[in-house]
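This structure is in structure tokens; I'll ask about it shortly.
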Amino acid sequence: MDSTNRQVAEKLHSMGELLELTGQNVFKVRAYYRAADVVERLPSAVTKCDERSLEQVGGIGVNIARKIMEIKDTGSFRELEELKAAIPASLIELLELDGIGPRTAHTLWQKLGIESIEDLERAARGNRIRAVRGFGEKKEEKFLKSISSFRQRSDRMNRLEAEEVISRVTEVLLPTTFEVAGSYRRGKSTIGDIDIVTTEPAALLNPKLRTVAEEIIDEGEKKTSLRCQNKRVDVRFTSPSRFGSMLLYLTGSKAFNIRMREIALNNGYKLNEYGIEDRSHGNLNTFATEEELFSFLGIEYIVPELREDWGEIEAATTHSLPNLVATGDIRGDLHVHSNWSDGSLSLVELSGIGEKMGYEYIVCSDHSKTLGIARGLDEEALERQAHEIEVINRDASCRLVHGIEVDILADGSLGLPAHILADLDIVIASVHSSFGQEKDIMTRRVLSAVDSDDVDIIGHPTGRIIGRRKPYEIDLSRVIERASDTGTALECNASPYRLDLDDVYIRESMKTGVKISIGTDSHGAEEFEHMRFGVSVIRRGWGTPEGVINTYSLSDLLEWAS
DNA sequence: GCCGTTTTCGGCCCGACTGTTTTCAGTCG
């Protein structure tokens, strides 16, 4: 059995859920959840690790390491299968409902025989739940509401969708009194809910929030939760003098917060969203900014994108945080389409937009002719395009670089012959077809493009489209390893629908010295500003200016590519 | 179940809000 890290993580996560339902020690439960998280973020395959080296990974001990070995051999592990046999599978889906945790699910199951969402709905409608001690009429209503919102629930948002919800909610907030926190602020590629910190008093803001909410989940003096555009929004109220600690708390991540609080404890302090309390005399130190709070703890400031308990806290205490790439370092966009293929802008317009963005260059990378749907270019069209680019570049401040996005065909060959590719300045090779190939075939297909002397960049290496298409099966650690041998760059496609490569693989690329290129894959004028999404993801992957070829000058870029 | 320049046993982040209670358990972030 060759399980992926995601599959192993799912097994460990299920174990955590089942243990919760049986009322096991919460710390044991948390250990499984934590191990699942760790496994999912590990760039190399756990099933290729041996037991000893697994035990060295933080959050994985002797027991869980043994279980991972068992998954490797058999696809699962005995304890998990035993629990699965004892607990109805549909009971787990009750945990998906808002307001139902393991205790509630367990009680409903034991007292009323409720094993599924449908059972719960019937029982609530029949007013049978209020008979159980600890439950009442309100609970029945709440369960029915949770079921209804569960049924119309949508997946995590991409960053553009998140920004729509944010603008809807913040239109009722006073400008300059708030900041958006949570995973949005950490630059994640997908967003679950929206978190906002504000200094506007609850008494003033709560009535205004009601006007933009489809539902108020709960409302208080310190915190209000609502649903807007079918997404959960959490608002925390604070004062300017305590803004820093609240922003830190609400930005997370959860794992980061836990680690920070542990560190505070070890130094005789207690950290919460109101400040840092000295445990010896109970004084509360408050912080208007996050910078002051970090400084109080004697830790270097950690930018939101790094706050994942992914080694950044250790790096901050030893002053070894990476120098992260920033939008200001970006000198050009390395992947855009013109109206020569499926884009909407002319070459002159591309150059004009590049100038407005303050870029030195833009790589015009239209599709090759094999991609039927995108009106791809053939040899003759490319020659004419080269000529037009040359003319435009004579008096343009932003230079067009002549590139192409060539297809990696199902057999690993490229959509255009080598002699044509050799004439182009930058060649991006991407998979646009046969997404269903099995992992080893797909991996070797992409590896053969990496091996090609003509290919400079592998475009959107996993092919995912957020919310629409899963990544294709591919062993990226092999691709990264080979790219490091050949000097091929991997793309971080900055489209908010792709963000591909994502942070974990950016980090792995940086470690192995593989260069990253950021391309917006723009097909129209409004997409060029998506560069910022790509930069955030690279920062999350500890990306430095040296590791990102968009920071090169035009001459350095061309020399790198030649 | 994990983990350790205080510990190999005994801890494990901290607080808001709700509903059902007469003081708190459960859920959530």
Side-chain angles (χ1 to χ4, degrees), chain A residues 12 15-16 18-21 23-38 54-68 77 79-80 94-108 129-143 145-146 181-183 186 192-197 202 206 216-226 232-238 242 245-246 248-277 279 284 309 313:
Chain A
L12 296 173
M15 186 67 186
L18 291 167
L19 287 173
E20 259 195 310
L21 283 172
Q24 279 277 352
N25 180 320
V26 290
F27 299 109
K28 181 169 171 177
V29 171
R30 193 205 279 175
Y32 274 99
Y33 286 146
R34 171 145 189 251
D37 265 7
V38 166
L54 273 178
E55 286 168 19
Q56 302 310 309
V57 179
I60 299 178
V62 202
N63 288 289
I64 291 185
R66 195 182 307 132
K67 271 146 198 151
I68 293 173
F77 55 98
E79 271 181 77
L80 175 64
L94 284 184
L95 299 177
E96 298 287 314
L97 300 175
D98 277 339
I100 296 197
R103 301 305 311 161
T104 306
H106 186 80
T107 307
L108 292 171
I129 295 175
R130 61 187 67 173
V132 181
R133 185 182 163 78
F135 293 82
E137 204 173 329
K138 288 256 181 76
K139 283 270 188 201
E140 285 174 346
E141 274 171 38
K142 207 169 177 182
F143 290 158
K145 210 177 241 177
S146 297
S183 55
R186 299 203 310 280
D193 61 9
I194 304 296
D195 300 292
I196 298 172
V197 179
N206 278 334
I216 297 290
I217 299 168
D218 47 39
E219 183 179 296
E221 287 297 305
K222 300 186 166 170
K223 163 181 196 261
T224 289
S225 301
L226 53 116
R232 186 187 175 107
V233 179
D234 292 314
V235 180
R236 287 298 306 252
F237 307 101
T238 187
R242 298 180 174 193
S245 50
M246 185 62 85
L248 183 88
Y249 157 70
L250 209 58
T251 298
S253 63
K254 186 174 178 174
F256 174 85
N257 283 350
I258 289 175
R259 279 298 312 282
M260 287 290 282
R261 288 169 181 202
E262 281 170 359
I263 287 173
L265 272 180
N266 290 339
N267 291 308
Y269 300 112
K270 192 173 79 174
L271 169 62
N272 59 29
E273 58 264 52
Y274 303 107
I276 297 178
E277 191 184 305
R279 291 205 298 169
L284 184 71
D309 188 20
I313 296 175

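Excluded from the calculations below are hydrogen atoms, water molecules and symmetry mates; all remaining heavy atoms, backbone and side chain alike, are included. Proteins get letters first, then strands, A, B, ... in listed order; numbering begins at 1 in each. None of the values given here were measured: they were computed from a predicted structure.
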*Would A:S225 and A:R232 count as a side chain to side chain donor-acceptor pair (under 3.5 Å) if you check the C-alpha gap in whole Å, the side-chain angles of each, and the deciding distance to 0.1 Å?*
CA-CA 7 Å; A:S225 301; A:R232 186 187 175 107; 3.3 Å; yes

*Take atom CD1 of A:I258 and atom P of B:dG29, then tell me their distance rounded to the nearest Å.*
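Checked: the CD1 to P distance equals 14 Å.
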
*Is it the case that A:E20 and A:Y33 place a side-chain donor and acceptor less than 3.5 Å from each other?*
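Result is yes, a qualifying pair exists.
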
*Rounded off to whole Å, could you give me the CG-to-P distance for the A:L265 and B:dG4 pair?*
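Interatomic distance, CG of A:L265 to P of B:dG4: 16 Å.
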
_Counting only side-chain nitrogens and oxygens, does A:R30 get under 4.0 Å of the OP1 or OP2 atom of B:dC13?_
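The answer is yes; a side-chain N or O of A:R30 sits under 4.0 Å from OP1 or OP2.
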
_Please pick, from B:dC14, B:dG29, B:dG15, the nucleotide with the shortest atom-to-atom distance to any side-chain atom of A:D193._
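Nearest to the side-chain atoms of A:D193, counting from C-beta on, is B:dG29.
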
*Verify the contact: side-chain N or O of A:N272 to OP1 or OP2 of B:dG15, cut-off strictly under 4.0 Å; return yes or no.*
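Affirmative; the distance criterion is met.
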
*Which part of the nucleic acid does A:G59 contact within heavy-atom distance under 4.0 Å: base, sugar-phosphate only, or nothing?*
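Here A:G59 touches the backbone only, sparing every base.
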
*Among B:dC13, B:dT20, B:dC2, find the nucleotide with the atom closest to the side chain of A:K139.*
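Minimum distance to the A:K139 side chain belongs to B:dT20.
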
*Between B:dG29, B:dT27, B:dT22, which nucleotide has the shortest distance from any of its atoms to the side chain of A:P102?*
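Between B:dG29, B:dT27, B:dT22, the one nearest the side chain of A:P102 would be B:dT27.
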
_I need the CZ-P distance between A:R261 and B:dG15, as an integer number of Å._
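A:R261 atom CZ is separated from B:dG15 atom P by 7 Å.
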
*Check every atom of B:dC13, B:dG1, B:dA16 against the side chain of A:E262 and return the nucleotide holding the closest atom.*
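The answer is B:dC13, which lies nearest to the side chain.
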
*If B:dC2 has a Watson-Crick or G-U wobble mate with both distances under 3.5 Å, name it; if not, just say none.*
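Its partner is B:dG11.
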
*Please lay out, stage by stage, how A:E141 and A:K138 fare under the test salt bridge (charged side-chain N to carboxylate O under 4.0 Å, His left out).*
CA-CA 5 Å; A:E141 274 171 38; A:K138 288 256 181 76; over 6 Å; no

*asked:* Using every non-hydrogen atom in the two residues, find where A:I60 and A:A65 come nearest and quote the distance to one decimal.
replied: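 In terms of heavy atoms, the two residues are closest at CG2-N, 3.7 Å.
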
*With the side chain counted from C-beta on, respond yes when A:T104 and A:F135 share a heavy-atom pair under 4.5 Å apart, and no when they do not.*
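They are in side-chain contact.
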
*How far, in whole Å, is B:dC17 from B:dC12 if one measures between their C1' atoms?*
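My reading of the C1' atoms in B:dC12 and B:dC17 gives 24 Å.
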
*Tell me, do A:M15 and A:F77 make a side-chain contact under 4.5 Å, heavy atoms counted?*
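Side chain of A:M15 against side chain of A:F77, heavy atoms only: contact under 4.5 Å found.
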
*Quickly work out the A:L250 CG to B:dG29 P distance and round it to whole Å.*
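Value for this atom pair: 11 Å.
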
_Whole-Å distance separating the CZ atom of A:R259 from the P atom of B:dC3_ =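 Taking CZ of A:R259 and P of B:dC3, I get 12 Å after rounding.
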
*Does the side chain of A:I216 come within less than 4.5 Å of A:L226's, by heavy atoms?*
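A side-chain contact under 4.5 Å exists here.
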
*Is there a side-chain polar atom (N or O) of A:R232 under 4.0 Å from OP1 or OP2 of B:dC28?*
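Answer is no, no contact under 4.0 Å.
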
*Tell me what A:D234 touches on the nucleic acid: a base, only sugar-phosphate, or nothing, going by heavy atoms under 4.0 Å.*
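Sugar-phosphate contact only - A:D234 comes under 4.0 Å of backbone atoms but never of a base.
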
*asked:* Under 4.0 Å, heavy atoms only, any strand: does A:Y274 hit a base, just the sugar-phosphate, or nothing?
replied: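 Sugar-phosphate: the residue A:Y274, judged by heavy atoms under 4.0 Å, touches backbone atoms but no base.
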
*Expressed as a whole number of Å, how far does the C1' atom of B:dT23 sit from that of B:dG10?*
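Nearest-Å result for B:dT23 against B:dG10 at atom C1': 28 Å.
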
*Look at the side-chain N and O atoms of A:K270 and state whether any lies under 4.0 Å from the OP1 or OP2 oxygen of B:dG15.*
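Affirmative; the distance criterion is met.
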
_Residue A:K222, side-chain heavy atoms: nucleotide from B:dT27, B:dG15, B:dC17 that is nearest_ =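 Selected nucleotide: B:dC17.
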
*When rounded to the nearest Å, what value does the distance between C1' atoms of B:dC14 and B:dC9 take?*
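Their C1' atoms lie roughly 24 Å apart.
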
*Can you tell me, in whole Å, how much space there is between the C1' of B:dC2 and that of B:dT8?*
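About 12 Å, rounded to a whole number of Å.
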
*Would you classify A:E137 as touching base, sugar-phosphate or nothing, given that sugar-phosphate means primed atoms plus P, OP1 and OP2, and contacts are heavy atoms under 4.0 Å?*
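Sugar-phosphate contact only - A:E137 comes under 4.0 Å of backbone atoms but never of a base.
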
*Using a cut-off of 4.0 Å on non-hydrogen atoms, how would the nucleic acid contact of A:L97 be classed: base, sugar-phosphate, or nothing?*
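Sugar-phosphate contact only.
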
*Find which nucleotide of DNA chain B each of A:G58 and A:D195 is nearest to by heavy atoms, and output the residue with the more 5' nucleotide.*
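Here A:G58 is the residue nearer the 5' end.
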
_Nucleotide of B:dA16, B:dT27, B:dG15 approaching A:R103 most closely (side-chain heavy atoms)_ =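 Closest nucleotide among those given: B:dT27.
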
*Using the C1' atom on both, measure B:dT27 against B:dT20 and round to a whole Å.*
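Nearest-Å result for B:dT27 against B:dT20 at atom C1': 14 Å.
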
*asked:* Using a heavy-atom cut-off of 4.0 Å across all strands, would you classify A:N25 as base, sugar-phosphate, or nothing?
replied: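 If one applies the 4.0 Å heavy-atom cut-off, A:N25 turns out to touch a base.
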
*On a whole-Å scale, what distance lies between the P atoms belonging to B:dT5 and B:dG1?*
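It works out to 23 Å between them.
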
*Distance between the C1' atoms of B:dG11 and B:dT6, in whole angstroms?*
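Per the computed distance, 13 Å lies between those C1' atoms.
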
_Assuming nearest nucleotide by heavy-atom distance, tell me which of A:E219 and A:G61 is located more 5' along DNA chain B._
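Residue closer to the 5' terminus by nearest nucleotide: A:G61.
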
*Establish, with yes or no, whether the OP1 or OP2 oxygen of B:dC2 is under 4.0 angstrom from a side-chain nitrogen or oxygen of A:N63.*
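Yes, within the criterion.
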
_Does a side-chain N or O of A:S225 approach OP1 or OP2 of B:dC17 to a distance below 4.0 Å, or not?_
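So the side-chain polar atoms of A:S225 never come under 4.0 Å of the phosphate oxygens OP1 or OP2 of B:dC17.
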
*Consider the side chain of A:R133, meaning its heavy atoms from C-beta on, and name the nucleotide among B:dT22, B:dC13, B:dG15 that approaches it most closely.*
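Per side-chain heavy atoms of A:R133, the pick is B:dT22.
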
_So, OP1 or OP2 of B:dC28: does either fall under 4.0 Å of a side-chain N or O from A:K254?_
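It does not, given that no N or O in the side chain of A:K254 lies less than 4.0 Å from OP1 or OP2 of B:dC28.
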
*So do the side chains of A:L271 and A:Y249 get within less than 4.5 Å of each other, counting heavy atoms only?*
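No; the side chains remain at least 4.5 Å from each other.
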
*A:E221 CD - B:dG15 P separation (whole Å)*: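 Atom CD in A:E221 sits about 19 Å away from atom P in B:dG15.
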
*The side chain of A:K67 lies closest to which of these nucleotides: B:dT20, B:dG1, B:dG15?*
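Nearest to the side-chain atoms of A:K67, counting from C-beta on, is B:dG1.
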
